[in-house]
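Encoded as structure tokens, the structure appears first; notes follow it.
The residues of the chain are indexed from 1 along the displayed sequence.
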Amino acid sequence: NPISMAITTKEGGVFIDVNSSFIKTFGYKSKRDIIGKTTNAIQLYFNSDESEKIKKTLEEEGGFDNRETLLQKANGEIVYALYSAEIINIYGQDCIISAINDISHRKQVENTLQERTAQLGSILNNLPFLAWIKNTKGEFLGVNEAFAKHYQHSVDEIIGHTDFDFWPASKAQLLRE
């Protein structure tokens, strides 16, 4: 199971059980390294404010799904996680069952994509002539301000559209070729 699972006590956050994915994801050797310790003792939450927000949400709503959270591995490395949790009762004791999906790689890819998109936007907007980028369907993925001004539309009005949305079919067909 790629999802890290943990059961902790509601009061105090003492670990009762974790699955093997939790051990692997957070860099522990065995359950013995975790069971009986608190989330604070193993410094699970990168930010103590986040820990308090999670506790408050659990108190008010009884649970939550897919909350982006920064957690910390045994070695201090940060884990971007989608964190779901719910209060359950085990033999009369309120506990929290948590499901944690490590999305660190996805966040890294998203950040790289945002950087590249910003770089591409800077390049496009600094070109002194009309410039655009289209996908294989002919949809505008990006245009510079000079292009938008020349055709009297905002950049946002152009993105996602094709030549056929702005010009007669005969002209649009010529522009496509």
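Under the salt bridge (charged side-chain N to carboxylate O under 4.0 Å, His left out) criterion, D102 pairs with no residue, sequence neighbours left out.
In the displayed structure, Y80 atom OH is contacted under 6.0 Å by at most 12 heavy atoms of other residues, nucleotides or ligands. Heavy-atom contacts from other residues, nucleotides or ligands closer than 6.0 Å to NZ of K73 number more than 12.
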Does the ring-ring contact (aromatic ring centres under 6.0 Å, His included) test come out yes or no for F147 and F129, once each step is laid out?
CA-CA 8 Å; F147 185 96; F129 47 83; over 10 Å; no
Output, in order, the C-alpha distance, side-chain angles, deciding distance and verdict of side chain to side chain contact (heavy atoms under 4.5 Å, CB included) for T38 and F15.
CA-CA 6 Å; T38 65; F15 283 95; over 6 Å; no
Hey, mind stepping through N47 and L70 against side chain to side chain contact (heavy atoms under 4.5 Å, CB included) and telling me if it holds?
CA-CA 7 Å; N47 180 338; L70 291 177; 5.9 Å; no
Does I90 form a side chain to side chain contact (heavy atoms under 4.5 Å, CB included) with I7? I'd like the steps, not just the answer.
CA-CA 10 Å; I90 300 175; I7 299 173; 3.8 Å; yes
Check against side chain to side chain contact (heavy atoms under 4.5 Å, CB included), M5 and F22
CA-CA 6 Å; M5 302 289 296; F22 188 99; over 6 Å; no
Using side chain to side chain donor-acceptor pair (under 3.5 Å), reason through N89 and D94 one step at a time and then give a plain yes or no.
CA-CA 4 Å; N89 190 285; D94 282 343; 3.0 Å; yes
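At a threshold of 4.5 Å between non-hydrogen side-chain atoms, the residues Q93 and E11 do not count as touching. Side chains of I42 and Y28 form a contact here, defined as non-hydrogen atoms less than 4.5 Å apart. E157 places a side-chain heavy atom less than 4.5 Å from the side chain of S154. By the 4.5 Å heavy-atom criterion applied to side chains, I100 and F26 are counted as neighbours. Residues I23 and I34 form a side-chain contact, since some pair of their non-hydrogen atoms from C-beta on lies under 4.5 Å apart. Contact of the F140 side chain with the I133 side chain is not registered, since no non-hydrogen atoms from C-beta on lie closer than 4.5 Å. I54 places a side-chain heavy atom less than 4.5 Å from the side chain of T69. Side-chain contact between Q72 and I78 is present, with heavy atoms from C-beta onward closer than 4.5 Å.
Listed for the K31 side chain is no donor-acceptor partner under 3.5 Å among the backbone atoms of D17. Here the side chain of N144 pairs a donor or acceptor atom with the backbone of L124 at under 3.5 angstrom. Not a single donor-acceptor pair under 3.5 Å links the side chain of E139 to the backbone N or O of T162. Although no hydrogens or angles enter the test, the distance criterion places a donor-acceptor pair under 3.5 Å between the side chain of D33 and the main chain of S30. Within the 3.5 Å criterion, the main-chain N or O of V14 finds no donor-acceptor partner in the side chain of T8. Looking only at distances, no side-chain donor or acceptor of T9 sits under 3.5 Å from a matching main-chain atom of C95.
The pair E50-R67 meets the salt-bridge criterion, with a side-chain N (NZ, NE, NH1 or NH2) lying under 4.0 Å from an Asp/Glu carboxylate O. In summary, K171 and D163 do not engage in a salt bridge, as defined by a charged side-chain N under 4.0 Å from a carboxylate O. Under the 4.0 Å criterion applied to side-chain N and carboxylate O atoms, E110 and K107 are assigned as salt-bridge partners.
Atom CD of E61 sits about 12.0 Å away from atom CD of E86, to the nearest 0.5 Å.
Between Y151 and W132, the distance separating the two ring centers is not shorter than 6.0 angstrom.
Nearest approach of G63 to L58, heavy atoms of both residues: CA-CD2, 3.7 Å.
Between the side chains of Y83 and S98, at least one donor-acceptor pair of N or O atoms lies under 3.5 Å.
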